[in-house]
Amino acid sequence: MALCGSLSVTNLTCQSKMRGSASALAFRGSESMGHSFRIPCSQAIKKRPKKGACPLQVVCIDYPRPELETSINFLEAASLSSSFRKSPRPSKPLKVVIAGAGLAGLSTAKYLADAGHKPLLLEARDVLGGKVAAWKDADGDWYETGLHIFFGAYPNVQSLFGELGIRDRLQWKEHSMIFAMPNKPGEFSRFDFPEVLPSPLNGIWAILKNNEMLTWPEKVKFAIGLLPAMIGGQPYVEAQDVFSVQEWMRKQGIPDRVTNEVFIAMSKALNFINPDELSMQCVLIALNRFLQEKHGSKMAFLDGNPPERLCMPIVDHIESLGGEVKLNSRIKNIELNNDGTVKSFVLSNGNVVEGDVYVFATPVDILKRLLPENWRGIPYFKRLDKLVGVPVINIHIWFDRKLKNTYDHLLFSRSPLLSVYADMSVTCKEYYNPNQSMLELVFAPAEEWISRSDSEIIDATMKELAKLFPNEIAADQSKAKIVKYHVVKTPRSVYKTTPNCEPYRPLQRSPIEGFYLAGDYTKQKYLASMEGAVLSGKLCAQSIVQDYDLLVSMGQRKLAEASVC
């Protein structure tokens with residue numbers, strides 16, 4: 001949920017009573033619009049208390065880790081992980097060159113290293129994580145590409161945390177989904193999943209007990225509409241890719257008010273677009289996992305910034321097994337052999353990187369931009385034209401006081417401009433602050449806003465926050481005042497999951513010998529999400545391991561041809 005792509009632009013703005021000169025910060029190769037400002041504001045930022053200081057009044061409560069290991073999906077994920085460790089050791093380890101150190105690339109490299117191969121991971125930027133990248137500002141505060149939530153229904157992600165020995169870095173929250181009430185400013189409506197009931201009864205109970213958002217007739221029609229998905233399983237879910245959420249709801253006779261009350265918020269959280277654009281398959285995949293797994297909809301926050309708390313343990317694991325990870329290694333072009341296979345990756349610094357196998361684990365828009373001309377007519381690659389990244393904006397706002405109208409949880413804003421948000425000074429241990437709130441918000445849909453200035457985006461955000469915090473926030477800052485903010489723009493994030501996209505998602509094994517793909521846009525049974533990225537990396541690594549004999553013989557053939565020449 002709320003993932004943002006690696007073509008990101010980071011804009012930093014700090015407001016105070018002073019005004020300063022402008023300076024722009026943009027990552028090379030990103031598609032930025034507008035400019036950004038940075039004004040010194042160290043005097044306005046209160047230092048975090050040392051140990052022994054007055055504790056936070058609203059105490060963060062981390063709930064026990066749910067028992068995920070018994071679910072079928074978790075067992076499948078764990079089995080796939082163990083298959084790499086148990087596979088026969090290769091007589092000649094393959095050097096696998098992987099472009100992109102997001103979760104897909106890191107996952108590919110991790111599992112190839114587990115299988116005894118030697119991955120070389122190349123990341124264009126100076127930060128790990130891709131869509132989960134984060135940066136530290138001059139004040140020591142972190143700001144992220146997106147608001148990252150780890151669900152119980154993410155079996156491959158959860159298995160990965162266990163394999164790395166970092167399960168304790170997930171802060172589990174109460175089993176609830178909390179929605180703001182636009183018609184009742186400052187109030188929230190909850191869907192609480194009782195721990196004593198198994199699935200799907202706990203989910204059904206949560207829906208039936210909520211009387212603030214849906215009427216009983218609407219609940220009944222919604223439940224009847226969902227029955228085919230629960231009975232038909234994955235084949236039925238995939239068949240609904242021809243419908244948008246709005247079309248499917250109307251086809252099932254579900255009132256538009258259900259879509260407006262619940263699924264506008266869910267659509268924006270899943271893919272940053274509204275129900276009239278989003279494929280119903282995307283929503284049904286999420287609902288199936290949430291309803292069929294007892295802890296599927298349970299959420300956890302990472303206890304700190306993703307590059308250090310999640311990505312670095314993967315890098316350490318890869319390097320401990322002989323692999324390499326290199327930052328600031330941007331690929332300029334893919335050089336081909338005479339037979340159309342990959343000869344090397346040429347970097348923007350002039351270096352040439354050769355390997356036995358090549359993997360592209362970047363967002364689909366970057367891959368399309370770098371495709372060799374000889375490949376563009378191949379149907380496998382031509383179908384990628386249908387997959388286009390969706391724009392999204394992630395916002396961080398530090399206030400001069402502690403906000404009270406919030407929770408230690410993810411909140412669905414149900415705002416026309418905002419998707420989900422959280423007070424990260426409460427939900428995340430590393431970001432804890434007893435004196436100030438830091439709201440992290442996903443601004444979506446963002447297509448009409450991605451080119452606008454930071455100040456316009458913040459002004460619009462403050463107007464929406466004034467509705468969510470009527471007693472604490474005013475659009476003109478006459479109440480809570482902004483200490484500083486960061487706006488992170490991603491012109492091309494996860495692929496836009498519109499109807500009829502599913503047939504265009506590529507398998508990880510390409511028709512080019514020795515060339516593979518990884519990324520949440522590739523074919524796998526989960527959403528364009530962190531789970532989808534990790535699973536795609538595992539499936540990519542699995543394909544390479546399965547093709548080992550073919551890849552070795554291909555390398556020997558090319559070596560023989562080179563010696564003859």
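- Atom CD1 in I204 sits 9.5 Å away from atom CG in L226 (nearest 0.5 Å).
- Nearest heavy-atom pair across M213 and M181 is CG-SD, 4.0 Å.
- In this model, no donor atom of one side chain and acceptor atom of the other lie less than 3.5 Å apart for E464 and Y421.
- Ion pairing of R505 with E502 is present here, as a side-chain N (NZ or NE/NH1/NH2) and a carboxylate O approach within less than 4.0 Å.
- Between V426 and Y407, the closest side-chain pair of non-hydrogen atoms is not below 4.5 Å.
- A distance of 5.0 Å separates OG1 of T406 from CG of L411, quoted to the nearest 0.5 Å.
- Side-chain atoms of I473 and M462, non-hydrogen and from C-beta on, do get closer than 4.5 Å to each other.
- Between E76 and K525 there is a salt bridge, since at least one side-chain N of the basic residue sits less than 4.0 Å from a carboxylate O of the acidic one.
- Taking the six-membered ring for Trp, F469 and F399 have ring centres at least 6.0 Å apart.
- Looking only at side-chain heavy atoms (C-beta outward), T497 and L527 stay at 4.5 Å or farther from each other.
- At least one donor-acceptor pair closer than 3.5 Å links the side chain of K489 to the backbone N or O of I450.
- Judged by distance alone, the side chain of D400 and the main-chain N or O of K481 form a donor-acceptor pair under 3.5 Å.
- Contact annotation: the side chain of N433 never approaches that of M438 to less than 4.5 Å [non-hydrogen atoms, C-beta and beyond].
- For the residue pair S425/K402, the side-chain donor-acceptor check at 3.5 Å is satisfied.
- Panel note: side chain K294, backbone E195; a donor-acceptor pair is recorded below 3.5 Å.
- Across all non-hydrogen atoms, the minimal contact from S529 to D520 is N-OD2, 3.4 Å.
- Using a distance-only test at 3.5 Å, with no hydrogens or angles considered, no donor-acceptor pair links the side chain of H409 to the main chain of I178.
- Here the two rings, on F290 and F193, have centers that are 6.0 Å apart or farther.
- D365 places a side-chain heavy atom less than 4.5 Å from the side chain of V388.
- By the 6.0 Å contact criterion, NZ on K463 is open, its count of non-hydrogen atoms from other residues, nucleotides or ligands being 12 or less.
- Between W172 and P64 the shortest heavy-atom distance is CB-O, 4.2 Å.
- A heavy-atom distance below 4.5 Å is not found between the side chains of V534 and Y154.
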Using the rule given for side chain to side chain contact (heavy atoms under 4.5 Å, CB included), can you reason through S437 versus R401, listing the C-alpha separation, both sets of side-chain angles and the distance that settles it, and then say yes or no? CA-CA 6 Å; S437 283; R401 66 196 67 185; over 6 Å; no

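- Taking CG of L439 as the start and CD1 of I397 as the end, the distance is 6.5 Å to the nearest 0.5 Å.
- The backbone N or O of G146 sits less than 3.5 Å from a side-chain atom of H148, completing a donor-acceptor pair.
- Taking the side chain as every heavy atom from C-beta outward, F74 and H295 never approach each other to under 4.5 Å.
- Side chains of E472 and N405: no donor on one and acceptor on the other come within 3.5 Å.
- S279 and D241 share a side-chain donor-acceptor pair at under 3.5 Å.
- Within a 6.0 Å sphere centred on CG of L227, heavy atoms belonging to other residues, nucleotides or ligands number more than 12.
- Judged by distance alone, the side chain of R190 and the main-chain N or O of A206 form no donor-acceptor pair under 3.5 Å.
- At a threshold of 4.5 Å between non-hydrogen side-chain atoms, the residues Y495 and N271 do not count as touching.
- In this structure, the separation between CZ on F222 and OG1 on T259 is 9.0 Å, given to the nearest 0.5 Å.
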Step-by-step side chain to side chain contact (heavy atoms under 4.5 Å, CB included) determination, I166 to R309: CA-CA 8 Å; I166 57 172; R309 302 299 289 169; over 6 Å; no

Quick one, F151 with I149, criterion side chain to side chain contact (heavy atoms under 4.5 Å, CB included). Give me CA distance, side-chain angles, the key distance, then yes/no. CA-CA 6 Å; F151 286 94; I149 303 300; 3.9 Å; yes

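- What you find for G519 and T522 is that their closest heavy atoms are O-OG1, 2.6 Å.
- Ion pairing between a basic and an acidic side chain is recognised when a charged N comes within 4.0 Å of a carboxylate O; R167 and E69 show such pairing.
- Side chains of E440 and N394: a donor on one and an acceptor on the other come within 3.5 Å.
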Set out, in order, the CA-CA distance, both residues' side-chain angles and the distance that settles side-chain hydrogen bond (donor to acceptor under 3.5 Å, both in side chains) for D192 and S176, then state yes or no. CA-CA 4 Å; D192 294 317; S176 302; 2.5 Å; yes

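- Here the CG atom belonging to N305 is positioned 4.5 Å from the CD atom belonging to E430, to the nearest 0.5 angstrom.
- Within a 6.0 Å sphere centred on NZ of K386, other residues, nucleotides and ligands contribute more than 12 heavy atoms.
- Taking the six-membered ring for Trp, Y143 and Y485 have ring centres at least 6.0 Å apart.
- For the atom pair CG of L68 and OG1 of T70, the computed distance is 8.0 Å after rounding to the nearest 0.5 Å.
- In terms of modelled atom types and a separation under 3.5 Å, the side chain of K268 and the main chain of L418 share a donor-acceptor contact.
- Side chain of K173 to main chain of T427: a donor-acceptor pair is present (N/O by atom type, distance under 3.5 Å, no hydrogens or angles).
- Nearest heavy-atom pair, E218 versus P255, reported as atom, atom and distance to 0.1 Å: CG-CG, 4.1 Å.
- Applying the 6.0 Å contact sphere to OH of Y504 captures no more than 12 heavy atoms from other residues, nucleotides or ligands.
- Judged by distance alone, the side chain of R452 and the main-chain N or O of I457 form no donor-acceptor pair under 3.5 Å.
- F179 and F191 have perpendicular rings, their planes meeting at more than 60° on a 0 to 90° scale where under 30° would count as parallel.
- A donor atom on one side chain and an acceptor atom on the other are not found under 3.5 Å apart for N73 and S71.
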Derivation of the side chain to side chain contact (heavy atoms under 4.5 Å, CB included) call for R169 and L302: CA-CA 6 Å; R169 297 186 182 185; L302 192 61; 4.2 Å; yes

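- When atom types are taken as modelled, the side chain of K496 and the backbone of G389 share no donor-acceptor pair closer than 3.5 angstrom.
- For H396 and W142, the ring centers sit 6.0 Å or farther from each other.
- Nearest heavy-atom pair, G304 versus Y431, reported as atom, atom and distance to 0.1 Å: C-OH, 4.0 Å.
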